Undergrad: 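Below are the structure tokens for one structure; questions will follow.
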Amino acid sequence: MEMGRPLCCLTAFYFLLTLFSFDTEAGIVGVNYGMVGNNLPPPSQVVALLKSRSITRLHLFFPNHDALQALQNSGIEVILGTLNQDLQSLGSDPSFAKSWVNTNLVPYSKTIRFRCISAGNEVIPGDLAAYVFPAMENLKAALNAAEQQLAYNIPVSTSMSTSILGLSYPPSRGEFSGDVISVMRSIAGFLAANGSPLLVNVYPYFAYVSNQKQIPLSYALFNGTNVVVKDGELEYRNLFDAMTDAVYSALEKVGGASVRIVVSESGWPSKDENGGAASIANARMYNNNLIAHVSGASGTPRRPGNSTESYVFAIFNENLKPPGTEQNFGLFYPNMTEVYPIDFAY
Ligand SMILES: *[C@@H]1O[C@H](CO)[C@@H](O)[C@H](O)[C@H]1NC(C)=O
Ligand SMILES: *[C@@H]1O[C@H](CO)[C@@H](O)[C@H](O)[C@H]1NC(C)=O
Ligand SMILES: *[C@@H]1O[C@H](CO)[C@@H](O)[C@H](O)[C@H]1NC(C)=O
């Protein structure tokens with residue numbers, strides 16, 4: 001009993017510390033560090049670029065040790081993903097999860113602040129979906145086991161696209177589709193019990209291009225002032241909030257009403273082959289407005305008052321992605337010149 005008490009107080013202290021920092025810093029915006037290119041600058045130059053642009057948050061898709069080393073003592077906080085191909089081992093083998101934590105977190109936790117671990121990216125629905133929840137549990141257990149070697153508590157989550165929704169319009173009717181609902185119920189329960197956020201990739205661009213007749217471009221680009229969707233008492237002036245609130249509604253229906261959403265990816269491509277919705281003007285408008293919107297404290301109509309922590313996709317144009325729009329989501333060219341002016345300093 002006597003020996004248990006200080007540990008328990010320490011845990012409660014870190015828990016409060018985590019809650020506190022999430023609440024007060026939630027408006028800060030980050031970027032995604034995609035690495036699917038053969039002409040990208042070394043991580044040390046990338047970290048210097050981020051610092052010069054006041055970018056203090058990063059989503060790293062997998063534990064790249066060159067990047068982690070460059071990030072040490074940079075002050076940049078990190079969401080760290082696991083490779084999707086590791087999910088099966090993470091979910092079925094607790095010792096694999098332990099070694100993942102010992103290799104990728106323990107050596108860095110004193111010099112990098114990890115905001116969160118993401119067990120896989122956009123694998124629900126799909127063959128790997130069943131491994132996500134067990135992987136989260138095994139990672140959580142591994143983090144608990146390594147508590148003495150870690151400087152603070154690191155939440156465990158997973159990252160998903162909005163294609164998990166069966167219904168998304170109007171936002172209050174948002175619900176998960178039938179094929180993912182049981183997985184999402186387990187994940188929502190885990191996140192609610194641990195006070196961890198759900199990571200969601202929210203792309204108004206893709207919603208807009210698939211439904212241009214009905215969605216006004218200014219609603220997708222945050223540059224209209226009209227109420228476009230009235231949903232009961234709630235009024236929507238931008239598609240980003242509407243898509244995010246549809247996921248909040250879906251979470252409420254599976255016991256995740258208390259779970260906060262972090263937007264792990266959002267962005268707009270600057271070029272495509274058809275010269276349509278993807279343009280430098282539209283990408284510049286979307287990304288600058290996104291940063292201004294989530295840097296304020298307004299939140300979404302369904303969750304007012306808490307701004308949405310968000311990560312712009314992506315730092316660079318990535319030349320090994322599929323040709324077309326996919327290669328042109330970058331804020332910067334690989335030579336580190338900006339594709340269009342972008343302002344992170346709020
Ligand atoms: C919104 O921004 C786009 C891109 O710059 C521009 O083409 C459009 O005219 C703007 N719409 C409004 C309503 O200002
Ligand atoms: C903001 O989020 C915190 C923690 O998730 C919650 O307790 C609080 O009620 C929220 N504030 C508002 C104004 O919604
Ligand atoms: C950087 O790359 C872009 C795209 O290839 C090019 O337009 C620009 O001139 C380059 N800037 C410098 C300084 O080399």
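Atoms within each ligand, like the ligands themselves, are counted from 1 in listed order. As the structure is a computational prediction, the values presented were derived from the model and not from experiment. Any value given below was found using the heavy atoms of this structure, including those in side chains, with hydrogens, waters and symmetry copies removed.
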Undergrad: If only side-chain N and O atoms count, and only distance matters, is there a donor-acceptor pair under 3.5 Å linking Asn319 with Asn38?
TA: yes
Undergrad: Hey, does the Lys NZ or Arg CZ of Arg237 hover above the aromatic six-ring of Phe222, less than 6.0 Å from the centre and inside 45° of the axis?
TA: no
Undergrad: Please report whether ligand 1 has a polar contact with Asn282, defined as an N or O pair separated by less than 3.5 Å (distance criterion only).
TA: no
Undergrad: Does Gly224 reach ligand 1, in the sense of a heavy atom lying below 4.0 Å from it?
TA: no
Undergrad: Is a side-chain donor-acceptor pair under 3.5 Å present for Asn328 with Ser270?
TA: no
Undergrad: In plain terms, say whether Arg303 and Glu252 are close enough for a salt bridge, that is, a side-chain N and a carboxylate O under 4.0 Å apart.
TA: yes
Undergrad: Under a 4.0 Å heavy-atom cut-off, which residues neighbour ligand 3?
TA: Tyr333, Asn335, Thr337
Undergrad: Pick out which of Tyr311, Tyr286, Tyr205 makes a side-chain hydrogen bond (donor to acceptor under 3.5 Å, both in side chains) with Ser266.
TA: Tyr286
Undergrad: Taking only heavy atoms of Ala281 into account, list the atoms of ligand 1 that are under 4.0 Å away from them.
TA: 4 (C), 5 (O)
Undergrad: Do Asn121 and Asn201 have side-chain atoms, one donor and one acceptor, less than 3.5 Å apart?
TA: yes
Undergrad: In terms of ring plane angle, is the pair Phe329 and Tyr203 parallel, tilted or perpendicular, where the classes change at 30° and 60°?
TA: perpendicular
